[in-house]
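Here is the structure we will look at.
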Amino acid sequence: VSLNRPEFTDLQFMPEGGYLIADMPVKVAFKAINEDGSGADVSGKIYDSKGHEITTFSSTYKGMGSFSFSPEGAETYSAKINFSNGISRVYPLPAIKTSGTMLSINNYLYRDSCEVLIKTSPEIATQGKRYLLVGRARGIPCYSALIGIKNNGTRLLIDKKMFPTG
């Protein structure tokens, strides 16, 4: 019985913030898994529905990695991987939402604070509403703030000392 046939690799896409939102730059994490459940090192290209190459990607550790791009609203995207045995396979990326909110957190290693970026589609930003942002660790609230979302996004710096280590 042959296991870990490359053509049966499962490829999952996980956009930061949960969704691909039209015309908003996004980081998309991915994980490639062999038939036996272990990570599969892969590399490939992202294409739009017209077959234009948008970007490339390559796993960095045990089938995991990420890439960034700005999806267009009326477009669909797919990833194509060429395996070492000559077989190629196409995987669809998640559907694009026309409206939504994107949350991105940059936890830089040698800085004393983490950066939180919040962006919304224009019709949400112009509503002028305020939102409660809560940061939790192990289910315990460690940070909260009432924030407004600006048209060009909101950027917060949060002191890492507010959270436990780990």
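Treat the numbers as computed from the prediction; the structure is a model and nothing was measured. Note: hydrogens, waters and symmetry copies are ignored here, and every other heavy atom, side chains too, is used. Count residues from 1 along the sequence.
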Q. CD of Glu16 to CG of Leu103: how many Å apart, nearest 0.5 Å?
A. 7.0 Å
**Q.** Minimal non-hydrogen separation, Pro15 against Val26, with atom names
**A.** CB-CG2, 4.2 Å
Q. What pair of heavy atoms forms the shortest contact from Asp41 to Ser59, and how long is it?
A. CA-OG, 3.2 Å
Q.
Please report the interatomic distance CD(Glu75) to OG(Ser49), rounded to the nearest 0.5 Å.
A. 3.5 Å
Q) Would you say Asn85 and Pro6 make side-chain contact, with heavy atoms under 4.5 Å? A) yes
Q | Side-chain donor or acceptor of Thr154 paired with backbone N/O of Gly148 under 3.5 Å | A | yes
Q: Report yes if the side chains of Arg138 and Pro164 come closer than 4.5 Å at any heavy-atom pair, otherwise no.
A: yes
Q: Following the transitive rule for hydrophobic clusters with a side-chain heavy-atom cut-off under 4.5 Å over Ile, Leu, Val, Met, Phe, Trp and Tyr, establish whether Ile147 and Val116 coincide in one cluster.
A: yes
**Q.** CE on Met64 to CD1 on Ile33, rounded to 0.5 Å
**A.** 9.5 Å
Q: For Lys50, look at atom NZ and say whether over 12 heavy atoms of other residues, nucleotides or ligands are found less than 6.0 Å away.
A: yes
Q) Under a 4.5 Å side-chain heavy-atom rule over Ile, Leu, Val, Met, Phe, Trp and Tyr, are Leu156 and Met102 clustered together? A) no
**Q.** side-chain contact (heavy atoms from CB on, under 4.5 Å) between Val42 and Phe30, intermediate numbers included
**A.** CA-CA 10 Å; Val42 296; Phe30 65 90; 4.0 Å; yes
**Q.** Any Asn107 side-chain heavy atom under 4.5 Å of Lys160 side chain
**A.** yes
Q | Where Ala145 and Tyr143 come nearest, the two heavy atoms and their spacing | A | CB-OH, 3.3 Å
Q: For the residue pair Asp48 and Glu72, establish whether any side-chain heavy-atom pair is separated by less than 4.5 Å.
A: no
Q.
Hydrophobic clustering (ILVMFWY, side-chain heavy atoms < 4.5 Å, transitive) - are Ile105 and Ile21 grouped together?
A. no
Q. What's the shortest heavy-atom distance between Phe163 and Ala137, and which atoms?
A. CD2-CB, 4.3 Å
Q. With a 4.5 Å heavy-atom cut-off, do Ser78 and Ile46 have their side chains touching?
A. no
(Q) Are the side chains of Arg130 and Leu132 in contact, using a 4.5 Å heavy-atom criterion? (A) no
Q) Should Leu133 and Ile124 be counted in the same cluster of Ile, Leu, Val, Met, Phe, Trp and Tyr side chains packed under 4.5 Å apart? A) yes
Q) Roughly how far apart are Leu117 CG and Ser104 OG, rounded to 0.5 Å? A) 5.0 Å
Q. Roughly how far, to the nearest 0.5 Å, is OG1 of Thr76 from CG of Leu20?
A. 11.5 Å
Q: Mind running side-chain contact (heavy atoms from CB on, under 4.5 Å) on Tyr131 and Leu146 for me, showing each step along the way?
A: CA-CA 6 Å; Tyr131 299 90; Leu146 192 60; 6.0 Å; no
Q. If we only count heavy atoms from C-beta on, is the Thr60 to Ser58 side-chain gap below 4.5 Å?
A. no
Q: State whether the number of non-hydrogen atoms from other residues, nucleotides or ligands found under 6.0 Å of Tyr19 atom OH is greater than 12.
A: no
Q: Spell out, as yes or no, whether a donor-acceptor pair under 3.5 Å connects the side chain of Ser38 to the backbone of Asn34.
A: no
Q) Strictly by modelled atom types, are Ser121 and Ser99 linked by a side-chain donor-acceptor pair under 3.5 Å? A) yes
Q. Going from CD1 on Ile158 to OG on Ser113, what distance comes out if it is rounded to the nearest 0.5 angstrom?
A. 9.0 Å
Q: Write down the atom of Phe83, the atom of Glu7, and the distance for their closest heavy-atom approach.
A: CE1-CA, 4.0 Å
Q | Pairwise side-chain contact, Ser68 with Pro25, heavy-atom cut-off 4.5 Å (strictly under) | A | no
Q) Pick one: which of Tyr91, Tyr47, Phe67 meets ring-ring contact (aromatic ring centres under 6.0 Å, His included) with Phe57? A) Phe67
Q.
Same cluster or not: Met24 versus Tyr77, using hydrophobic residues (I, L, V, M, F, W, Y) connected whenever any side-chain heavy atoms lie under 4.5 Å apart?
A. no
Q: Could you tell me which non-hydrogen atom of Ser43 sits nearest to which non-hydrogen atom of Ile81, and how far apart they are?
A: O-CG2, 3.6 Å
Q | Distance-only side-chain donor-acceptor flag, Asn82 / Lys45, under 3.5 Å | A | no
Q. What do you reckon, is NZ of Lys80 surrounded by more than 12 foreign heavy atoms closer than 6.0 Å?
A. no
